[in-house]
Amino acid sequence: MQWFLGYAQNGLASEVLDLYKRMEFEGICPDAVTYVGVLSSCANLGAQTVGSQVEHRIESSGLSCNPFLKNALINMHVRCGNLLKARGIFDRMSEKTLVSWTAMIGGYGVHGQGEVAVRLFDEMIRSGVTPDQTAFVCVLSACSHAGLSDKGLEYFEAMKNQYKLHPGPEHYSCVVDLLGRVGRLKEARELIDSMPVEADGAVWGALLGACKIHKNVGLAEIAFQRVIELEPENVGYYVLLSNIYSDAGNIDGLVKVRLMMREQKLKKEPGHSYVEHKGKIHLFIAGDREHPQTEEIYRMLDKLEDLMTGVVMAQKNNGDSEKEAVAETGVGVHSEKLAAVFGLLNTDAGTDVVIIKNLRICRDCHLFMKLVSKIVERQLVVRDATRFHHFKNGVCSCKEHW
DNA sequence: CTAGGGTTAG
């Protein structure tokens, strides 16, 4: 039985779910710790159907009071995109631990609701719970995704001065991202230079990402230099720089990076993602043109592309009014976008309206349903689901493909 | 015999 935690904690989520299925088949009754491992795996895979089944089993087995399980459930719902369910459990918890707060704050952050995350963080402090390094990572990243750079900087200062916590590279990478996204590249660079701890690849990578957004080729070259000293095998950074060159029309640079990659024998796997819909996992591969209606699908995506900017995917709950989901995705038409739209429609959080920029589209709108039904027609099922790509901020976390 | 276990950016 300890395999469960072993597998779960080592990221072998699909193995956990396989084992769990076997247990069910053999009629073995799982205990609370087993459920924790299963739920954590569901969270990592975005397996919301299994997750909800497990939730029901927990309820009927009388384990639902277990605070560990409640936190695991919150996390599962958060990672499967169901913030409202997560919030429901959170609100009904009598004893909210730091972990409960952190999971919920991180959830809002990941789904682009920085303002809510910040409000919750302040509420946590008012309730007498002291944040730790993890909580600060969550709130800083929430601020960065929502463009709340000054608020984020305030938290960063409070972390050091008020809470006497030593920021690690993971905090610095958040703050570099926070500054970089809003174009404060100079400050981001200065922050890195002033770091009392060693910068890791993520710190320079965050700067490189900011250079991509703000088209700063010179600084990108510096950041890239540093980042590959630290992570020479990470293909994503090569791709990022080559895309920066490509955007700038710098063909020499582009060729240079491609040659570097060839010398290092680095190959970029095609970007892919999968999303669970009605119990089936659907796979999307970047640049995939296998479908007989590919032309139509891409025309539809081009239409969506025109309407989409930024990188936010959020769910808004306006109390009694209709529940809305906001979709905005990043640049380049590829599979992640399909999955992001798909995932958006897939939330069973009671979303009635999908907003793309200022265009309001009803959930049943034929534009969306046509797109979705076309994707569903393919009935692509993934067997080797090793890692679910989370729609952090509406965009898959994997790097852009060529 | 029964502990263990939940939260972390790019």
Side-chain angles (χ1 to χ4, degrees), chain A residues 1-9 11 16 30-44 58 63 66-79 86 89-90 93 95-110 114 117 120-121 124 129 131-145 152 155-156 159 165 167-178 180-181 188 192 199-213 223 227 230-231 234-237 239-240 311 389-390 392-393 395-400:
Chain A
M1 224 34 58
Q2 36 279 80
W3 297 349
F4 263 92
L5 290 166
Y7 278 157
Q9 287 166 351
V16 173
D31 67 359
V33 184
T34 306
Y35 280 129
V36 166
V38 174
L39 284 173
S40 154
S41 302
C42 289
N44 289 324
I58 289 169
L63 291 168
N66 186 312
F68 284 89
L69 274 178
K70 281 191 184 176
N71 291 333
L73 279 171
I74 290 175
N75 189 236
M76 185 272 290
H77 286 306
V78 157
R79 306 286 283 250
I89 298 169
F90 177 82
M93 274 177 92
E95 296 273 316
K96 297 178 183 63
T97 65
L98 177 58
V99 175
S100 328
W101 287 98
T102 305
M104 207 59 237
I105 292 163
Y108 282 113
V110 149
L120 215 58
F121 188 85
M124 172 185 83
V129 174
D132 64 356
Q133 299 96 314
T134 307
F136 274 107
V137 168
C138 289
V139 77
L140 288 173
S141 85
C143 289
S144 110
H145 294 320
Y155 284 129
F156 188 56
M159 172 185 180
L165 293 166
E170 66 275 34
H171 299 100
Y172 280 97
S173 60
C174 286
V175 180
V176 168
D177 188 60
L178 187 101
R181 263 179 214 267
I192 299 177
D200 63 5
V203 175
W204 289 105
L207 187 66
L208 187 61
C211 291
K212 165 85 166 63
I213 298 171
V227 89
L230 296 156
E231 291 182 35
N234 194 329
V235 204
Y237 297 126
V239 176
L240 200 48
V311 280
H389 287 233
H390 284 283
K392 298 204 167 144
N393 244 356
V395 176
C396 178
S397 53
C398 81
K399 300 287 191 286
E400 266 179 72

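In what follows, chains are A, B, ... by sequence order, proteins preceding strands, each numbered from 1. Values reported hereafter were calculated over all heavy atoms of this structure, with side chains retained and with hydrogens, waters and symmetry mates removed. None of the values given here were measured: they were computed from a predicted structure.
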Next on the checklist: If I take atom CG in residue Leu207(A) and atom C1' in nucleotide dA9(B), what distance separates them, rounded to the nearest angstrom?
Outcome noted: 15 Å
Checklist entry - Which nucleotide in the list dT8(B), dG5(B), dA9(B) gets nearest to the side chain of Val36(A)? => result dG5(B)
Checklist entry - Within the distance-only criterion (no hydrogens, no angle test), does the side chain of Ser41(A) pair as donor or acceptor with the backbone N or O of Gly37(A) below 3.5 angstrom? => result yes
Checklist entry - By side chain to side chain contact (heavy atoms under 4.5 Å, CB included), which residues pair with Ala199(A), not counting sequence neighbours? => result Ile192(A), Met195(A), Val203(A), Trp204(A)
Next on the checklist: Side-chain N or O of His145(A) versus OP1/OP2 of dG10(B): is the shortest distance under 4.0 Å?
Outcome noted: yes
Next on the checklist: In whole Å, I'd like the distance from the CE atom of Met76(A) to the C1' atom of dG5(B).
Outcome noted: 16 Å
Checklist entry - In whole angstrom, what separates Asn44(A)'s CG from dT8(B)'s C1'? => result 12 Å
Checklist entry - Choosing from dT8(B), dG5(B), dA9(B), which nucleotide comes nearest the side chain of Cys138(A)? => result dT8(B)
Checklist entry - Tell me: CG of Asn75(A) to C1' of dG5(B), nearest whole Å? => result 13 Å
Item to check | Nearest atoms (heavy-atom pairs only) where Phe136(A) meets Tyr155(A) | outcome: CE2-O, 3.5 Å
Checklist entry - What are the two closest non-hydrogen atoms of Asp200(A) and Leu230(A), and how far apart are they? => result C-CD1, 3.7 Å
Checklist outcome for this item: Side-chain contact check for Phe68(A): nearest option of dG5(B), dA9(B), dT7(B) is dG5(B)
Item to check | Step-by-step side-chain hydrogen bond (donor to acceptor under 3.5 Å, both in side chains) determination, Ser141(A) to Ser144(A) | outcome: CA-CA 5 Å; Ser141(A) 85; Ser144(A) 110; over 6 Å; no
Item to check | Length of the line joining Arg79(A):CZ and dT8(B):C1', which is rounded to integer Å | outcome: 9 Å
Next on the checklist: Expressed as a whole number of angstroms, how long is the span from Phe121(A):CZ to dA9(B):P?
Outcome noted: 15 Å
Checklist entry - Over how many whole Å does the gap from Phe136(A) atom CZ to dT7(B) atom P extend? => result 20 Å
Checklist entry - Taking atom C1' of dT8(B) as reference, at what distance in whole Å does atom CG of Asp132(A) sit? => result 9 Å
Checklist entry - Counting only distance, no hydrogens or angles, is the base of dA9(B) paired donor-acceptor with the side chain of Ser141(A) under 3.5 Å? => result no
Checklist entry - So which nucleotide from dG10(B), dA9(B), dT7(B) ends up closest to the side chain of Asp177(A)? => result dG10(B)
Next on the checklist: Side-chain N or O of Arg181(A) versus OP1/OP2 of dA9(B): is the shortest distance under 4.0 Å?
Outcome noted: no
Checklist entry - Which of these nucleotides, dG4(B), dT8(B), dT7(B), is closest to any side-chain atom of Asp31(A)? => result dG4(B)
